[in-house]
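Heads up, the thing below is written out as C-alpha cells.
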Amino acid sequence: MVFQKEKNNSPKHMIPIAKPYLTEEEAQAAYDTILTGWITQGPKVQEFEEKFAKYTGAKYAVAVSNCTTALHLSMIVAGIGTGDEVICPSMSYIATANAIKYVGATPVFAEVKPETYNLDPVDTEKRITDRTKAILIVHQIGMPGNIDAFQELCEKYNLKLIEDAACAVGSVYKNKKIGAHSELVCFSFHPRKVISTGDGGMITTNREDYYKRLRLLRQHGMSINDRVRHEASKIIFEDHVEVGYNYRMTDIQAAVGIKQLEKLDWIVAERRKIAAAYHEAFKDIDFISLPLESEGNYSNYQSFCVYLRKNCPVERNTLMQELLDKGIATRRGIMTSHRETAYRKFQENTSLPISEDLQDNSIILPLYVPMGREEVTYVIDTFLGMLTPKALVL
Ligand SMILES: *Cc1c(COP(=O)(O)O)cnc(C)c1O
C-alpha cells in the first residue's frame, strides 16, 4: 500500500505555526478500519478509551466528537444548569465559555497569571458568589494549571472542578500526567493540538457514575449501545433513558488516535527540545517574558508564547508582519472571550487588564514535530534580529 505523501500547500520555505504529526501508520490504521466495515463508535473507540485511560492514569475515559462536546457533557454530569455561575478564564479558546452557556449557566471570567497564562486562584476566589457552582480551569498552551489550589477552593466553597485540558494531553502536574487529578478532565484531538484524530475529544474520570452517564449522553441516552446489540445472540431492545446527544467519535478517528497515542511521549519530548532552544535563545532579553514551568509541572508546549514587555523596541503587530514577510507564520496571543462579539454585549463591565494585556502583547512562535534544527535556528535568528535595536547592529 502506497500512500500519497503529505502535500505542503504553503509558500516555499514558509515555516508554519503548527502541523499535526501524522504518518503512513495513521493512514494505514484508518484504511484498515474502513475495510472492517465498522466505522462509527465501536471496538476501536473502546480500545482507544482503554489505552487513553491507562496513559493518563485515570480509571475511565469516554471518547467524544471533540473537546467542546466533552466540556458540554462534563457540565451536565456535574449538575450545572440555568442560573448557575461557573468561573473560568476569559483568556481561552471561546469553546471554554460556550460550554457553560450551553447548559444555561453564566461564565464568570477571572484573571490569569502572566507567568503561566493560567487561571489565578486568588482572583478566582474573589469572584465566587452564592450562585457559583463550578470552576472550569484551562491548562492553557499545555502549561499545567495549579490544580491543588483550585481543588482547595472547590472544597472550601462546595464547588465542582472541571479541567479543560484541550491543549494539555501529555502535560504533567506534580509528576503525574494530566487526566487523573480531578473528576472531569476534557481533551481535544483537533489538528492544532499535540495529537490529532482530525477532530475528536476525550473525557477522563475516576467516578463510575460519571462514566456511565457520559456514555449514555454521548449516544442519544441509549441504554444499549450499537455494538452490544450487534453482538447479542438474542434479540434485545434499547430504551432511551434521557435526552442525550450524538457526540460520538468514529472508529476511523479512534484508530488514528491509537497510533497517535503511541507516539505521544516522543512528540512531547521533541516539542520540549524545541521549546528549550527558544528558552535558551531568549532568556537574557529583558523586554520579553517566557512561560514559566515549576518543579514537577511540565508543559507539552502545545504553543510557545512570548510576551513583549512595555520596553520592547518593536510593536507586536509589526513584528508579526515582518516575520511573515520572512516566511515565518506566527499568531497573536491567546484570545480573550469577553472581547469577542458573542460575549462583549454581556460583558460591558468586565475588566481583565492582565488578560487583555497578554492577548495584545504576546506572540506565538512556530513549534511542531518534526521541526528541523535549521528551521528553529532560522526562527530564533530572525526574531532576535528584529528585536535588536538597529543602532546596535554593526
Ligand atoms: C481547542 C480548544 C477547545 C476546543 O476543542 P475542540 O476539540 O476543537 O472542540 C477548548 N478549549 C481550549 C482551551 C482549546 O484550546
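FYI, the numbering just counts along the sequence from 1. All values derive from a computational prediction rather than experimental measurement. Atoms within each ligand, like the ligands themselves, are counted from 1 in listed order.
Counting the atoms of ligand 1 from 1 in the order shown, those under 4.0 Å from a heavy atom of S92 are 13 (C). Those atoms of ligand 1 that come under 4.0 Å of a heavy atom in V138, given as number and element, are 13 (C). Listed by atom number, the atoms of ligand 1 under 4.0 Å from A95 heavy atoms are 4 (C), 10 (C). Close approach of ligand 1 to C167 (heavy-atom distance below 4.0 Å) involves ligand atoms 15 (O). Per-residue contacts place S188 under 4.0 angstrom from the following atoms of ligand 1 (heavy atoms of the residue considered): 5 (O), 6 (P), 7 (O).
Between the side chains of S299 and E293, no donor N or O sits under 3.5 Å from an acceptor N or O. Neither side chain, Y173 nor H139, offers a donor N or O lying under 3.5 Å from an acceptor on the other. Using modelled atom types and a 3.5 Å distance limit, the side chains of Y343 and N98 yield a donor-acceptor pair.
With a 4.0 Å heavy-atom cut-off, ligand 1 is reached by the side chain of D164 but not by its N, CA, C or O.
A salt bridge between K259 and E24 is absent, with no side-chain N of the basic residue lying under 4.0 Å from a carboxylate O of the acidic one.
Relative ring orientation between F52 and F187 is described as perpendicular, the plane-to-plane angle rising above 60° on a 0-90° scale split at 30° and 60°.
Judged by the shortest distance from any of its heavy atoms, K193 lies inside the 4.0 Å radius around the atoms of ligand 1.
For ligand 1, the polar-atom distance check finds an N/O of C67 within less than 3.5 Å of one of the ligand's N/O atoms. Checking only distances, T68 does come within under 3.5 Å of ligand 1, N or O to N or O.
Nearest non-hydrogen protein atom to atom 3 (C) of ligand 1 is A166 CB, 3.7 Å.
Counting only heavy atoms from C-beta outward, the side chains of D84 and T106 never approach each other to under 4.5 Å. Taking the side chain as every heavy atom from C-beta outward, M335 and Y93 approach each other to under 4.5 Å.
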